[in-house]
Amino acid sequence: MLLNGGLYMFSLKGLFSTVGISLISTLVVSFLIGLLQINYEFLVVSIIFLVTYVVTGITAPIWNPKTPYFSSYLASIILTLFNFFAANYVLGVNVLFNPDGVNNSLVISTTTSLITTFIFLRITKRNQVTNDD
């Protein structure tokens with residue numbers, strides 16, 4: 001996808017960086033939660049979910065500034081698919097046989113990531129306007 005004399009519009013390397021940083025942040029937060037020995041499953045899953053998809057929503061526009069929403073959407077889809085396959089093959093939970101659960105997971109994860117991207121872009125735009133004055 002070449003635009004304007006050879007500038008790339010979408011960066012695949014940026015997408016992989018976004019997914020990688022999200023996975024690393026998930027591992028770090030999971031490790032810290034394990035050290036703290038938090039026994040509330042809903043709280044643990046909620047914290048890990050929010051950290052993963054908020055980091056995705058923040059890092060996607062950093063590495064793909066021309067297509068931030070598309071990058072955020074793709075990264076959250078990739079991460080959700082990783083979760084499905086890990087649950088299916090590592091844990092033995094057949095999550096792919098529940099279409100309602102798959103749909104809810106995809107909708108909630110992409111919505112969280114896209115809302116975070118929107119908020120991040122608004123904040124950076126506001127800071128740029130403030131710094132220009």
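What you are looking at is a predicted structure, and each value in this text was computed from that prediction instead of being measured.
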[X] vs [Y] side-chain heavy atoms within contact, under 4.5 Å:
X: Thr52; Y: Leu23; value: no
X: Val102; Y: Leu106; value: yes
X: Ser11; Y: Trp63; value: no
X: Asn88; Y: Val93; value: no
X: Tyr69; Y: Phe118; value: yes
X: Val55; Y: Ile58; value: no

Only distances under 3.5 Å count here; give the side-chain donor-acceptor pairs of residues 79-87 to other protein atoms, sequence neighbours excluded, each with its distance to 0.1 Å.
from  : atom 1 : to     : atom 2 : distance (Å)
Thr80 : OG1    : Tyr53  : OH     : 3.1
Thr80 : OG1    : Ser76  : O      : 2.7
Thr80 : OG1    : Ser109 : OG     : 2.8
Asn83 : ND2    : Tyr53  : OH     : 3.3
Asn83 : ND2    : Leu79  : O      : 3.4

Quiz item: Heavy-atom count around Tyr73 OH within 6.0 Å, excluding the residue itself: above 12?
Solution: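 No - once you tally the heavy atoms of other residues, nucleotides and ligands closer than 6.0 Å, there are 12 at most.
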When hydrophobic residues are tied together by side-chain contacts of less than 4.5 Å, even through go-betweens, does [X] share a cluster with [Y]?
X: Phe16; Y: Phe70; value: yes
X: Leu50; Y: Val19; value: yes
X: Ile77; Y: Leu96; value: yes

Give the table of side-chain donor-acceptor pairs shorter than 3.5 Å for residues 28-46, with sequence neighbours excluded, one pair per line with atom names and distance.
from  : atom 1 : to    : atom 2 : distance (Å)
Ser30 : OG     : Thr26 : O      : 2.7
Ser46 : OG     : Phe42 : O      : 2.8

Nearest 0.5 Å, what's the [atom1]-[atom2] distance between [X] and [Y]?
X: Gln128; Y: Thr130; atom1: CD; atom2: OG1; answer: 10.0 Å
X: Leu121; Y: Arg126; atom1: CG; atom2: CZ; answer: 12.5 Å
X: Thr116; Y: Leu114; atom1: OG1; atom2: CG; answer: 8.5 Å

Quiz item: Any sub-3.5 Å donor-acceptor pair from Ser71's side-chain atoms to Thr67's backbone N or O?
Solution: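 A pair under 3.5 Å: no.
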Quiz item: Short question: side chain of Asn103, backbone of Pro99 - any donor-acceptor pair under 3.5 Å?
Solution: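 No; zero donor-acceptor contacts below 3.5 Å.
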Taking all non-hydrogen atoms of both residues, which atom of [X] and which atom of [Y] are closest, and how far apart?
X: Ala60; Y: Thr18; answer: CA-OG1, 3.6 Å
X: Lys66; Y: Met9; answer: CB-O, 3.7 Å
X: Thr56; Y: Ser22; answer: OG1-OG, 2.7 Å

Practice problem: Identify, with sequence neighbours excluded, every residue that meets side chain to side chain donor-acceptor pair (under 3.5 Å) alongside Ser72. | Solution: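 For Ser72 the side chain to side chain donor-acceptor pair (under 3.5 Å) partners, ignoring immediate neighbours, are Ser113, Thr117.
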Quiz item: Out of Ile48, Thr59, Val51, which residue meets the side chain to side chain contact (heavy atoms under 4.5 Å, CB included) rule with Ser25?
Solution: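 Of the listed residues Ile48, Thr59, Val51, the side chain to side chain contact (heavy atoms under 4.5 Å, CB included) partner of Ser25 is Val51.
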